[in-house]
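This report refers to the structure that appears directly beneath it.
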Amino acid sequence: MRQDGEPLEICPVTLAEAKDFVRQHHRHHTAPTGHKVSLGVRTVDGVLRGVAILSRPVARAWDDGQTLEATRVATDGTKNACSALYGASWRVARALGYRRLVTYTQEGESGASLRGAGWKVIGQRRARRGWDTPARHRDGKGNDQVARTVWEAA
């Protein structure tokens, strides 16, 4: 068991490992289908404490080849694991040549880990009715009709 103050380290994880962790630990989302890169945070004895999945942006307007989106970040509640993942995600994105990294939080989430990693709020999104349209039926994912805050790594 990790003691407060015990160091955490960033590690590579496969998409399968990241998706499995998200299924077990994320509060309100399922795991995304794909990714560009995934990373984890673990204790020095190798216990995985969190994952970040970086993907092409969901918003078509941001899918410019220079932008990544942190589509999922999940931890087991280990102190500072979330901030460590957000900070490492930006370092990894830059190292891969990306110029921008964005993510979203839902209404009611403080964004403390994002602020702790140096991210900035760049916008607010109203709650939407969902993705379902007459031309293309889609099932809701349980998080429709929730306002969101847009963040960018700085």
Side-chain angles (χ1 to χ4, degrees), residues 7-15 17-42 48-133 135-136 138-154:
L8 294 170
E9 57 189 24
I10 300 301
C11 63
V13 294
T14 66
L15 179 58
E17 291 170 314
K19 288 171 79 167
D20 186 52
F21 195 94
V22 167
R23 280 188 210 98
Q24 294 176 41
H25 296 284
H26 202 283
R27 292 187 305 257
H28 49 76
H29 280 303
T30 59
T33 303
H35 76 149
K36 289 285 188 174
V37 65
S38 294
L39 53 144
V41 63
R42 65 183 176 203
L48 188 63
R49 298 299 186 177
V51 298
I53 301 174
L54 309 182
S55 308
R56 290 173 48 198
V58 173
R60 286 180 290 179
W62 287 355
D63 192 7
D64 58 7
Q66 299 295 308
T67 304
L68 280 181
E69 181 177 332
T71 51
R72 296 294 182 279
V73 173
T75 74
D76 64 1
T78 296
K79 186 176 181 179
N80 299 324
C82 202
S83 291
L85 285 165
Y86 280 121
S89 292
W90 180 223
R91 292 189 301 275
V92 167
R94 280 191 325 231
L96 292 172
Y98 290 94
R99 297 176 183 258
R100 190 174 194 204
L101 180 60
V102 296
T103 197
Y104 296 84
T105 54
Q106 290 189 354
E107 183 177 48
E109 294 177 328
S110 73
S113 295
L114 289 155
R115 281 192 309 279
W119 290 51
K120 305 291 182 208
V121 172
I122 60 166
Q124 301 291 328
R125 300 290 184 262
R126 293 187 317 254
R128 62 175 180 256
R129 290 191 346 233
W131 292 94
D132 187 37
T133 66
R136 186 170 178 190
R138 297 179 185 134
D139 294 327
K141 298 188 190 275
N143 58 354
D144 296 332
Q145 302 177 23
V146 176
R148 293 159 293 136
T149 300
V150 187
W151 299 78
E152 183 175 38

With heavy-atom distances below 4.5 Å as the criterion, would you say the side chains of Arg148 and Glu107 are in contact? no

Using side-chain contact (heavy atoms from CB on, under 4.5 Å) as the criterion, list what pairs up with Arg100, not counting sequence neighbours. Trp62, Thr67, Val102, Ile122, Glu152

Determine, step by step, whether Glu69 and Arg56 satisfy the salt bridge (Lys or Arg N to Asp or Glu O under 4.0 Å) criterion, reporting the C-alpha distance in whole Å, the side-chain angles of both residues, the deciding distance to 0.1 Å, and the verdict. CA-CA 6 Å; Glu69 181 177 332; Arg56 290 173 48 198; over 6 Å; no

Glu109 side chain to Gln106 backbone, donor-acceptor under 3.5 Å: yes

Hey, what do you get for NE2 (His35) to OG (Ser55), rounding to the nearest 0.5 Å? 7.5 Å

Distance flag, aromatic centroids of Trp119 and Tyr86, threshold under 6.0 Å: yes

Of the non-hydrogen atoms in Asn80 and Leu8, which two are nearest, and what is the gap between them? C-CD1, 4.2 Å

Got Ser38 and Thr14 here, is their nearest side-chain heavy-atom distance under 4.5 Å? no

Report yes if the side chains of Asp20 and Glu17 come closer than 4.5 Å at any heavy-atom pair, otherwise no. no

Determine the minimum heavy-atom distance between Ala127 and Val146, stating which atoms define it. CB-N, 3.5 Å

Which heavy-atom pair separates Cys11 from Leu48 by the least distance, and what is that distance? SG-CD1, 4.2 Å

Identify the two heavy atoms, one from Ala59 and one from Tyr104, that lie closest to each other, and give their separation to 0.1 Å. CB-OH, 4.3 Å

Compare all side-chain heavy atoms of Val150 with those of Val121 and state whether any distance is below 4.5 angstrom. no

Residue pair Thr103 / Leu114, side-chain heavy-atom distance below 4.5 Å: yes

Looking at side-chain heavy atoms only, is the closest gap between Leu101 and Leu54 below 4.5 Å? yes

Do side-chain atoms of Thr71 reach the backbone of Ile53 as a donor and acceptor pair under 3.5 angstrom? yes

Can you confirm whether more than 12 heavy atoms, excluding those of Arg99, are under 6.0 Å from its CZ atom? no

Heavy-atom side-chain proximity of Pro57 to Leu68 below 4.5 angstrom: no

Short question: side chain of Thr75, backbone of Gly50 - any donor-acceptor pair under 3.5 Å? no

Where the side chain of Arg115 meets the backbone of Ser110, is there a donor-acceptor pair that is under 3.5 Å apart? yes

Going by heavy atoms in the side chains, are Phe21 and Asp76 under 4.5 Å from each other? yes

Taking all non-hydrogen atoms of both residues, which atom of Ala117 and which atom of Gly87 are closest, and how far apart? CB-N, 3.7 Å

Which heavy atom in Val41 sits nearest to a heavy atom in Ala81, and how many Å separate them? CG1-CB, 3.8 Å

